[in-house]
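So the structure is just underneath, and the comments pick up after that.
What you are looking at is a predicted structure, and each value in this text was computed from that prediction instead of being measured.
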Amino acid sequence: MKRIGVLTSGGDAPGMNAAIRAVVRKCIYHNVEIYGINNGYQGLIEGNIFKMDVGSVGDIIQRGGTMLYTARSEEFKTEEGRQKGIEQLNKFGIEGLIVIGGDGSFRGAQKLTEKGFPCIGVPGTIDNDISGTDFTIGFDTALNTIIEAIDKIRDTATSHERTYIVEVMGRDAGDLALWAGLADGAESILIPEKKDDLDEVIARLRRGVERGKRHSIIILAEGVGSAFDYSDQIKAATNLETRVTVLGHIQRGGSPTANDRVLASRLGAQAVELLLEGKEGRMVGIQKNQLVDHDINDILTQKHSIDEDMYKLSKELSI
Ligand code: ADP
């Protein structure tokens, strides 16, 4: 393989730039030409493709977002759209593609591989919602952003004797809420994987008030429901003063943490190695701090699950 392409797709995540840098530098290390594709699969269809060199990825390791930009492409979900993409890859003489993104992006990569074009997936999403890897690129940074925000909210919560419901990202996966809850000592964590009983949340709040607690923090993953609805119900049941903070897109941006930069560098470089070994249709990941790779078909059929021990611990510690 003499020429590889790289793109980022789906939602951006801090550390994607570090992954792009690793892909580019590893290719150059192996004397393989590397082409960047702007705007994800949409840019691929449009031929928004350029040759990268060592300097192309200088001074980006510390930046959030993605220097290759990202886009959603409905056209790529069609057979014709993907055919156009393959024509562009052939036109540029690209023989293998590295896709940095989430499960939607991997579906695209899976379909290209099925059509005979070798792809490798690199998990980049803040939600940590992909099976076959303990961590995805961007999760650690988003988690630290959440913790910083909650630490600040806690100051106000204590000063004013308030109960805060903080809504974090996670439509299907509760990892951000669970980790943030444990790291922040939240009273309750509401995640899509567990249908937590509101009565239990309220009982825990009451116990806290009886012990003289001046504040409570409840972390809710967006997939569970509206933080405002929960706030109304808690207020009605307890008469506590409740407030809602929806952290929103602040969780996506920012300079990646050391953990994300290191993870992204390892995964990006490993994706190149796999393509050069002749592998295709695989996703690179990290499990028990070892680099692994799995069939993308398996990744897409298995559901990521939360760490049950951690969930149990969060309950035990927030009595
Ligand atoms: P993420 O990768 O973060 O999960 P999306 O689900 O939005 O983000 O997917 C990103 C892009 O991947 C989509 O805009 C589309 O171009 C491509 N994609 C998603 N699902 C498919 C599919 N079933 N077949 C082909 N391409 C897909």
Side-chain angles (χ1 to χ4, degrees), residues 14 64 126-129 138-255 257 259-260 306-307 309-319:
I126 64 165
D127 291 335
N128 211 36
D129 59 350
F139 172 69
D140 188 61
T141 306
L143 178 62
N144 278 283
T145 302
I146 293 169
I147 287 165
E148 207 185 315
I150 295 180
D151 286 348
K152 289 176 179 157
I153 289 167
R154 188 185 273 281
D155 289 344
T156 303
T158 311
S159 304
H160 287 270
E161 265 196 289
R162 281 178 187 157
T163 296
Y164 267 87
I165 295 123
V166 183
E167 185 181 306
V168 302
M169 282 189 173
R171 269 194 297 274
D172 306 308
D175 277 51
L176 278 174
L178 175 57
W179 282 69
L182 199 52
D184 255 311
E187 273 61 38
S188 292
I189 299 164
L190 296 160
I191 56 175
E193 293 88 342
K194 300 277 173 188
K195 288 288 162 237
D196 216 326
D197 193 350
L198 187 61
D199 292 341
E200 194 194 319
V201 173
I202 289 166
R204 204 173 301 145
L205 281 173
R206 289 210 175 103
R207 284 201 298 274
V209 171
E210 279 161 22
R211 279 201 343 262
K213 279 192 82 157
R214 288 186 61 85
H215 67 266
S216 288
I217 305 274
I218 297 166
I219 303 184
L220 172 115
E222 61 180 331
V224 173
S226 159
F228 292 96
D229 289 347
Y230 273 89
S231 169
D232 290 346
Q233 291 181 59
I234 290 167
K235 193 174 170 52
T238 61
N239 218 20
L240 288 168
E241 199 183 339
T242 55
R243 288 286 188 282
V244 171
T245 300
V246 179
L247 292 182
H249 277 90
I250 195 174
Q251 296 162 88
R252 279 272 190 85
S255 179
T257 58
N259 274 335
D260 270 331
I306 57 151
D307 185 325
D309 288 340
M310 257 182 76
Y311 183 72
K312 191 165 160 276
L313 181 64
S314 77
K315 293 223 162 202
E316 288 166 358
L317 300 187
S318 63
I319 16 173

Quiz item: Among side-chain atoms of Thr257 and Asn144, is any donor-acceptor pair under 3.5 angstrom?
Solution: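 Not at all, the side chains of Thr257 and Asn144 share no donor-acceptor pair under 3.5 Å.
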Exercise. Any chance you could lay out the side-chain contact (heavy atoms from CB on, under 4.5 Å) test for Ile150 and Ile219, step after step, and finish with the verdict?
Key: CA-CA 9 Å; Ile150 295 180; Ile219 303 184; 3.4 Å; yes
Quiz item: What's the verdict on side-chain contact (heavy atoms from CB on, under 4.5 Å) for Trp179 and Met310, showing C-alpha distance, side-chain angles and the deciding distance?
Solution: CA-CA 8 Å; Trp179 282 69; Met310 257 182 76; 3.6 Å; yes
Hey, what do you get for [atom1] ([X]) to [atom2] ([Y]), rounding to the nearest 0.5 Å?
X      : Y      : atom1 : atom2 : answer
Leu178 : Ile306 : CG    : CD1   : 5.5 Å
Gln233 : Thr238 : CD    : OG1   : 11.5 Å
Asp151 : Ile146 : CG    : CD1   : 12.0 Å
Arg207 : Ile202 : CZ    : CD1   : 12.5 Å
Leu190 : Leu220 : CG    : CG    : 5.5 Å
Leu143 : Thr141 : CG    : OG1   : 9.0 Å

Heavy-atom pair with the smallest gap, counting every atom of [X] and [Y]:
X      : Y      : answer
Gly253 : Pro14  : O-CG, 4.0 Å
Gly181 : Ile189 : CA-CD1, 3.7 Å
Ser188 : Val201 : OG-CG1, 3.7 Å
Leu182 : Ser314 : CD1-CA, 3.7 Å
Ile126 : Gly138 : CG2-O, 3.6 Å
Gly170 : Ala221 : O-CB, 3.7 Å

Practice problem: Taking Gln251 for its side chain and Gly248 for its backbone only, find out whether a donor-acceptor pair lies under 3.5 Å. | Solution: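 Judged by distance alone, yes, a pair lies under 3.5 Å.
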Practice problem: Check whether any side-chain N or O of Asp127 sits under 3.5 Å from a backbone N or O of Asp129 as a donor-acceptor pair, and report yes or no. | Solution: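 Side chain of Asp127 to backbone of Asp129, a donor-acceptor pair under 3.5 Å: no, none is there.
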Quiz item: If you count the non-hydrogen atoms of other residues, nucleotides and ligands that lie under 6.0 Å from CG in Leu198, is the total more than 12?
Solution: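 Yes, because the 6.0 Å sphere around CG of Leu198 holds more than 12 heavy atoms from other groups.
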Practice problem: For atom CG of Asp155, decide whether the heavy atoms of other residues, nucleotides or ligands shown that lie under 6.0 angstrom number more than 12. | Solution: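 Count over threshold, so yes.
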Contact between [X] and [Y] at the side-chain level, heavy atoms closer than 4.5 Å - yes or no?
X      : Y      : answer
Phe228 : Val246 : yes
Ile234 : Ile218 : yes
Asn128 : Leu176 : no

Exercise. List the steps, then state whether side-chain contact (heavy atoms from CB on, under 4.5 Å) holds for Lys235 with Leu240.
Key: CA-CA 5 Å; Lys235 193 174 170 52; Leu240 288 168; over 6 Å; no
Exercise. Identify, with sequence neighbours excluded, every residue that meets salt bridge (charged side-chain N to carboxylate O under 4.0 Å, His left out) alongside Glu241.
Key: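 So Glu241 forms a salt bridge (charged side-chain N to carboxylate O under 4.0 Å, His left out) with Arg162, Arg243.
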Quiz item: So does Glu210 pair up with Arg206, basic N to acidic O under 4.0 Å?
Solution: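 Between Arg206 and Glu210 there is no salt bridge, as every charged N stays at least 4.0 Å from the carboxylate O atoms.
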Exercise. Using the side-chain contact (heavy atoms from CB on, under 4.5 Å) rule, take Lys194 and Lys315 through it: C-alpha gap first, then chi angles, then the decisive distance, then the call.
Key: CA-CA 12 Å; Lys194 300 277 173 188; Lys315 293 223 162 202; over 6 Å; no
Exercise. Hey, could you give me each pair passing salt bridge (charged side-chain N to carboxylate O under 4.0 Å, His left out) that has a residue in residues 165-184? Not counting sequence neighbours.
Key: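 For residues 165-184: none.
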Quiz item: Got a sec, which pairs hit side-chain hydrogen bond (donor to acceptor under 3.5 Å, both in side chains) with one end in residues 215-232, sequence neighbours left out?
Solution: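 Matches after skipping sequence neighbours: Arg154-His215, Thr158-His215, Ser231-Thr242.
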